[in-house]
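The block underneath contains the structure these notes are about, expressed in structure tokens.
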Amino acid sequence: MRYRPADGHGLPHDPFKAIVAPRPIGWISTVDEEGRANLAPYSFFNAVADRPPVVMYSTTGRKLGLDERKDSLANIRRTGEFVVNLTSWDLREQMNATSAHLPHGEDEFLAAGLEKAPSVEVAPPRVAAAPAALECRLLQEVALPCWDETGENVVVFGEVVHIHIRDDMIVDGRFDLTRSRPLARCGYQDYAVVERLFQMRRPGQGGGR
Ligand SMILES: Cc1cc2nc3c(=O)[nH]c(=O)nc-3n(C[C@H](O)[C@H](O)[C@H](O)COP(=O)(O)O)c2cc1C
């Protein structure tokens, strides 16, 4: 089959997010102007550079039912700061719980029973149990086209200014994904979990970076 996205796919559900999958999940914590914490998962998320390290995430649409724009971007616009917490198999239920569309100012850490840990260079707290967390400063926002009149599609780029890694995630000097078992988002209600790694060397390359 083939189709133009603007014309529709004719399938029961949109396959786009199942095609571009699996996507890592950035579990993004922010604070509002009163210092109230917010936490939400975003799978339009990735690392886009490493020297300096830069990540991006994209906020799309609006809060279902509440018909409001999403809190994470509003907070980042006010403070210029966010933290990307990385997920793990053990935290899957809590991660999902924090995607609930709570009214502005309600703390998803509390709603999901998650302990906070302080950040070093930015105000938003971290998820204490996350295998790793990236403290970020806003670099740039890019507005995207949006078919949903009351929503917005915006990509946020942040420079990573401080990195936290749980000590038990380091094995033989490497961040061990088979310990953190990160979640990834696929299409529909599907997720993937990293449980097995394999290695390949690029042609002409000795050791891996
Ligand atoms: C695994 C997962 C991935 C998600 N990815 C995105 C995403 O990439 N962009 C987005 O706008 N919403 C995404 N959502 C929905 C947001 O998490 C949800 O709208 C959340 O309530 C936004 O919270 P906020 O208003 O506190 O920012 C995702 C939800 C889940 C469960």
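In each ligand, atom 1 is the first atom listed, and ligand 1 is the first ligand listed. Since the structure is predicted, the reported quantities are computational estimates derived from the model, not experimental observations. Scope of the values below: all heavy atoms of this structure, side chains included, with no hydrogens, waters or symmetry mates.
Checking side-chain atoms of Arg92 against main-chain N and O of Trp89 turns up a donor-acceptor pair under 3.5 Å. In terms of modelled atom types and a separation under 3.5 Å, the side chain of Ser29 and the main chain of Arg126 share no donor-acceptor contact.
Taking the six-membered ring for Trp and the full ring otherwise, Phe45 and Tyr57 have centroids separated by 6.0 Å or more.
Looking at residues two or more places apart in sequence or on another chain, you find a salt bridge (charged side-chain N to carboxylate O under 4.0 Å, His left out) between Glu195 and Arg181. Applying the salt bridge (charged side-chain N to carboxylate O under 4.0 Å, His left out) rule to Arg4 yields the partners Asp7; only residues at least two apart in sequence or on another chain are considered.
Contacts between Thr60 and ligand 1, counted as non-hydrogen atom pairs separated by less than 4.0 Å, involve both the backbone and the side chain. Only side-chain heavy atoms of Arg185 come within less than 4.0 Å of ligand 1; its backbone N, CA, C and O stay farther off.
In terms of N/O distances under 3.5 Å, ligand 1 is not approached by Tyr191. Not a single N or O atom of Asn96, backbone or side chain, sits closer than 3.5 Å to an N or O atom of ligand 1. Taking distance alone, with nitrogen or oxygen atoms compared against 3.5 Å, Ser43 approaches ligand 1 more closely than that limit. Where the criterion is an N or O separation shorter than 3.5 Å, residue side chain and backbone included, Phe44 meets it with respect to ligand 1. Distances between N or O atoms of Pro41 and those of ligand 1 include at least one value under 3.5 Å.
Across the listed options Gly26, Ser58, Ser72, Ser72 owns the non-hydrogen atom lying nearest to atom 27 (O) of ligand 1.
Less than 4.0 angstrom separates some heavy atom of Ala40 from each of these atoms of ligand 1: 20 (C), 22 (C), 23 (O), 24 (P), 26 (O), 27 (O). If you number the atoms of ligand 1 from 1 as listed, the ones under 4.0 Å from a heavy atom of Ser99 come out as 17 (O), 18 (C), 20 (C), 21 (O), 29 (C), 31 (C). Of all atoms in ligand 1, numbered sequentially from 1 with element shown, those under 4.0 Å from a heavy atom of Thr59 are 11 (O). For ligand 1 and Ala100, the ligand atoms under 4.0 Å from any heavy atom of the residue are 21 (O). Near Asn38, meaning under 4.0 Å from any of its heavy atoms, are these atoms of ligand 1: 24 (P), 26 (O), 27 (O). Of all atoms in ligand 1, numbered sequentially from 1 with element shown, those under 4.0 Å from a heavy atom of Glu108 are 26 (O).
A donor atom on one side chain and an acceptor atom on the other are not found under 3.5 Å apart for Ser88 and Asp90. Arg185 and Ser43 form no side-chain donor-acceptor contact under 3.5 Å, judged by distance and modelled atom types alone.
The distance from the CG atom of Leu91 to the CG atom of Leu183 is 8.0 Å, given to the nearest 0.5 Å.
Within a 6.0 Å sphere centred on NE2 of His13, heavy atoms belonging to other residues, nucleotides or ligands number 12 at most.
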